[in-house]
Amino acid sequence: MNVEHYQAKTIESKWQEIWDKSDIYSFDSETKSDKRFYSLVMFPYPSGNLHMGHMRVYTISDVISRHKRMLGYQVLNPMGFDAFGLPAENAAIENNTHPAVWTETNIAYMRDQQLKRMGTSYDWSREVVSCRADYYKWTQFIFLKLYEKGLAYQKEAPVNWCPDCNTVLANEQVEDGMCWRHGQTPVNKRMMKQWFLRITDYAEELLQDLNKLEHWPESVKTMQRNWIGKSVGAEIDFPLCGAVRVEGSKAITVYTTRPDTIYGVTYMVLAPEHKLVQELTTDENKEAIKAYIKDASSKTEIERTAEGQKKTGCFTGAYCTNPYTGEKIPVWIADYALVDYGTGAVMAVPAHDERDWEFAQEFGLEIKEVIQSEAVVGEGSKAQGGENEDDTALQPYSPRAMTGPGVIINSNEFNGLDNEAAKSKIVEHGLKSGFARSTIKYRLRDWLISRQRYWGCPIPLAQTEDGELVQIPYESLPVELPTEIDFSAAKAMGGSVLENSPDWFNITLANGRKAKRITDTLDTFICSSWYFMRYPDALNTDKPFDKSKVFPVDQYVGGVEHAILHLLYARFFTKALRDCDMLDFDEPFVRLLSQGMVVKYSEKDGKITKMSKSKGNVVGTNDFFDEFGADAARLFILFAAPVDAEVEWVEEGAQGQYRFINRVWRLFKNYASVFENRENYDFADFAKLTKDNQDLVRALHSALKAITEDLDPNRNGFNTSVARMTEFVNAAYKYFNAHDQESLTAEDSAVLATLFRQFILLISPFTPHLAEELWHKYILHSDEPDLVNSVHRQSWPVFEPSYLEQNTFNLVLQIKGKKVDVVEVSKELSKEQLEGFALANDKLQKRLQGLEIKKIIVIPNKLVNVVAV
RNA sequence: GCCGGUGUGGCGGAAUUGGUAGACGCAACAGACUUAAAAUCUGUUGGGAUUUUUUCCCGUGCCAGUUCAAGUCUGGCCACCGGUACCA
């Protein structure tokens with residue numbers, strides 16, 4: 001490395017140490033609400049090593065935080081670690097270190113060797129580490145509050161089991177039938193007694209309040225809406241027929257969104273796990289049904305759906321009655337009916353439902369049409385009715401199920417109705433007769449929160465010998481994890497090693513009764529569902545946080561991979577804790593920014609993919625920092641693409657930003673003398689400056705204006721901000737090539753000193769180290785750090801609009817919208833004058849020869865367009 | 001299948017309200033400096049034709065349309081990416 005170059009490593013580590021010892025980035029909790037700004041980034045899992053992919057989110061959030069500080073806000077910009085979870089436990093099993101040791105080692109490295117080296121501006125005094133007892137004590141406290149409120153409960157249910165995690169997973173943690181942590185591992189369904197949170201109680205509010213989140217990306221809101229999956233339909237009771245009698249339940253209740261097809265029901269499908277199956281199956285079908293259920297339960301989600309459209313099922317021998325028609329309907333079981341959606345029973349209408357149609361084809365069941373497509377009615381005539389359905393509705397009737405709109409047929413008194421209108425009429429009829437009611441269902445399921453693992457927050461409950469669940473008293477919290485654990489045994493047994501610690505799980509209650517602690521621990525998403533509430537009141541020893549001190553995050557930055565998981569859970573927690581009287585707001589994150597991934601070419605895959613260890617395309621932070629510095633990495637990551645798009649890490653591109661830093665560095669060095677003895681940075685009347693000086697002032701102020709606008713939270717144009725800085729530096733070099741240091745006049749010096757001072761402020765959120773170094777060296781003239789006057793305590797510079805006003809503009813001359821010439825003209829000219837000026841133009845005249853002018857359009861300050869043929 | 005999103009030079013991308021397409025960077029090429037190289041500074045760089053310091057044509061995935069004017073608006077295709085998927 002050339003010694004003439006900017007010594008990034010030395011300079012950066014110098015300032016990092018100085019900032020670290022100061023309180024320059026600390027947040028004052030007493031700040032009034034209109035002067036504070038909560039800037040947050042999703043806290044990381046301490047896996048031990050951050051790469052450029054991680055760096056992106058911290059950089060974006062840091063620029064926002066620093067800029068807000070300069071705008072006069074007290075910024076709460078905290079950091080912590082989402083520190084419970086499987087990798088620590090797996091590492092412990094492999095090399096017999098305790099998960100706590102492994103985790104704390106990683107945290108120390110990531111905090112001190114990586115996050116701080118990125119030039120971030122966190123208030124570390126508020127650090128939150130979810131695996132420490134002083135944090136999970138409050139996770140347990142919150143769990144008990146939810147439990148008391150009836151929001152936490154235990155039930156036997158079919159749950160997702162990941163054989164690699166050796167534990168159950170929530171629905172949200174299953175992706176395409178695979179474990180979210182083990183992309184190659186299919187999860188299987190098991191019946192298990194597990195703990196759940198009643199997130200479904202909040203389904204409607206979670207859905208409705210998405211409309212309040214006007215500063216969230218539309219895509220994330222759409223994903224949440226789809227996940228919640230509200231559907232409006234009806235429940236209809238189909239009484240069982242005489243041959244089979246089931247005590248207590250004389251009917252099968254189905255849920256349907258298509259009550260309009262009720263006359264087309266030709267069979268009934270129950271999920272294999274439906275509770276009526278055993279009872280209503282006739283003796284001669286018992287064997288077959290038993291075999292089918294066994295077969296269905298042994299299949300993974302993947303196997304069930306991998307067979308594509310081929311439907312399987314088994315007849316129970318039982319029949320029920322369609323309450324609308326009195327028809328006798330055969331009852332089948334099939335695994336395409338899901339036990340945990342709706343009522344677990346489906347009224348099958350093969351004529352108008354794809355899946356039912358396939359099933360009916362497979363087993364030769366009756367297909368009865370009850371809706372006639374408009375296509376048939378219309379005979380292909382386009383002038384059919386005033387409906388907005390046009391050509392698409394005129395497709396000939398498909399040999400498969402007809403799922404589109406149409407007119408009701410074969411349905412007694414409902415014949416002739418539009419099928420949409422028929423829905424409510426039919427439900428209304430059933431409601432009067434007592435066998436139907438309109439219902440709303442959600443796709444969202446309750447959140448499964450218990451995990452059969454050691455390294456998680458213990459559930460603060462115990463079970464007495466006679467099965468009663470009791471809370472651990474608040475004053476006894478935290479229930480700490482036992483530390484004497486033999487992890488070598490854990491591998492063999494699978495599941496939670498807590499079951500191996502009788503000293504821990506056998507307890508005696510205050511009243512002398514014996515009890516056993518719950519050995520499951522909490523899903524780590526519980527820990528991350530409230531961590532952002534802890535930061536504003538991080539040192540509270542009486543409760544998780546004081547209601548009066550917590551406030552919603554103003555700007556949250558994180559990856560889209562949490563669009564549903566963390567972001568939905570955190571919203572739910574906020575609402576639930578509000579109902580526990582612990583909070584007084586409804587939504588945790590006012591503004592959300594989902595940054596794109598950082599990708600790189602992977603030799604292994606032969607394509608450009610997300611950075612990951614397994615793809616072998618990870619670029620670590622420290623090697624690059626050592627050579628080119630964090631500021632260069634920050635600039636590149638911000639510059640290479642818009643925030644929400646992918647960034648491809650290209651080493652040459654990142655080095656290009658180091659080149660930029662050097663250009664800035666050299667520029668200041670070349671003009672060092674202008675900063676001598678300068679108390680007051682300002683220059684005389686702009687109008688009286690030389691043209692070169694005016695141009696440079698204009699260059700800075702247009703950059704200032706553009707960057708100020710780019711940093712608006714509705715825009716987040718970090719990439720263009722960097723381009724604007726570069727443009728100013730290019731302009732400054734142009735100036736330098738015309739005016740070297742020796743040739744400067746007093747006016748030139750005043751202009752340069754003023755502009756360069758503002759330029760440092762301008763780049764300070766982006767390149768905090770470079771800015772602080774330049775600030776100290778050239779502005780403060782201080783060899784000693786002076787953090788009272790640090791560049792990071794300065795105000796954001798204000799651009800002066802009058803500097804940008806010019807009395808001329810580039811007039812574009814067009815013929816029929818095609819550019820012919822561009823000429824510089826005065827802004828004073830009237831429309832008529834502009835027109836006259838345009839017509840006098842040689843190029844235009846030449847092109848107009850032989851043409852007849854039809855019309856002339858004059859847009860002031862823009863163009864003249866001559867329409868001629 | 002359904003729901004989102006994206007298509008602009010060799011590459012990443014810019015163009016905020018329809019009004020000069022290609023800002024800024026990377027890569028490449030050339031000049032200056034140097035014994036030389038690196039570094040640096042300065043240029044050139046969408047494609048094509050041409051009478052080659054000139055003039056013209058084409059050009060924002062494809063096809064139509066609206067408009068004096070379309071990367072931008074409308075309709076229809078195509079491709080890619082992401083989410084979701086037997087949710088009755």
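Chain naming here is simple, since letters A, B, ... match the order of the sequence lines and numbering starts at 1 in each.
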Has [X] got a side-chain N or O lying under 4.0 Å from the OP1 or OP2 atom of [N]?
X	N	result
A:Arg724	B:A14	no
A:Lys818	B:C58	yes
A:Arg225	B:G4	no
A:Arg659	B:C26	yes
A:Tyr733	B:U42	no
A:Lys816	B:C68	no
A:Asn719	B:A14	yes
A:Asn737	B:U42	yes
A:Arg847	B:C57	yes
A:Asn865	B:U67	no
A:Arg663	B:U42	yes

(message) Out of the candidates A:Ile564, A:Ile199, A:Thr200, A:Leu206, only one should pair with A:Ile228 under the side-chain contact (heavy atoms from CB on, under 4.5 Å) rule; please name it.
(response)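 Going through A:Ile564, A:Ile199, A:Thr200, A:Leu206 one by one, the side-chain contact (heavy atoms from CB on, under 4.5 Å) with A:Ile228 is satisfied by A:Leu206 alone.
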(message) So, applying side-chain contact (heavy atoms from CB on, under 4.5 Å) with A:Ser602, which one of A:Met611, A:Lys610, A:Lys615 is it?
(response) A:Lys615
(request) Provide the closest heavy-atom pair for A:Leu567 versus A:Leu592 in the form atom of the first, atom of the second, distance. (result)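 What the structure gives for the nearest pair is CD1-CD2, 3.7 Å.
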For [X], report the nucleic acid contact type (base, sugar-phosphate, nothing); a contact means any heavy atom under 4.0 Å.
X	value
A:Val822	base
A:Gly656	sugar-phosphate
A:Glu218	nothing
A:Ala563	nothing
A:Asn730	sugar-phosphate

Interatomic distance at [atom1], [N] relative to [M], whole Å:
N	M	atom1	value
B:U8	B:C62	C1'	15 Å
B:G76	B:U50	C1'	39 Å
B:G61	B:U72	P	8 Å
B:C86	B:U16	C1'	45 Å
B:U34	B:U40	C1'	11 Å
B:C73	B:U60	C1'	15 Å

Assigned partner base of [N], Watson-Crick or wobble definition, under 3.5 Å:
N	result
B:G18	none
B:G1	B:U84
B:C41	B:G31
B:C11	B:G25

(message) With nearest nucleotide decided by heavy atoms, which residue, A:Glu648 or A:Glu709, maps closer to the 5′ end of RNA chain B?
(response) A:Glu648
(message) From C-beta outward on A:Ser219, which listed nucleotide comes closest to its side chain: B:G4, B:U40, B:C24?
(response)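 Nucleotide nearest to A:Ser219's side chain: B:G4.
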(request) Taking only the side-chain heavy atoms of A:Phe639 (C-beta and beyond), determine which of B:G19, B:G25, B:U84 contains the nearest atom. (result)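 Shortest atom-to-atom distance from the side chain points to B:G25.
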(request) For B:G9, measure the glycosidic angle (O4'-C1'-N9-C4 for a purine, O4'-C1'-N1-C2 for a pyrimidine) and name it syn if it falls within 90° of 0, otherwise anti. (result) syn
(message) Can you tell me whether the base of B:U54 sits syn or anti, using the 90° cut around 0 to define syn?
(response) anti
(request) Find out whether the Lys NZ or Arg CZ of A:Lys441 is both under 6.0 angstrom from the six-membered ring centre of A:Tyr255 and within 45° of the ring's axis. (result) yes
(request) Assign the ring pair A:Tyr733 / A:Phe736 to parallel, tilted or perpendicular, where the plane angle (0 to 90°) is split at 30° and 60°. (result) perpendicular
(message) I'd like to know whether the aromatic ring centres of A:Trp649 and A:Phe624 sit less than 6.0 Å apart in this structure.
(response)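 When the ring centroids of A:Trp649 and A:Phe624 are compared, they turn out to be within the sub-6.0 Å range.
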(request) Could you tell me whether the side chain of A:Lys311 has a donor or acceptor atom within less than 3.5 Å of a complementary atom in the base of B:C86? (result)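 Such a pair exists between side chain and base.
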(message) Quick check on ring-ring contact (aromatic ring centres under 6.0 Å, His included): which of A:Phe363, A:Phe238, A:Phe359 does A:Tyr267 satisfy it with?
(response)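 Filter result, single survivor: A:Phe359.
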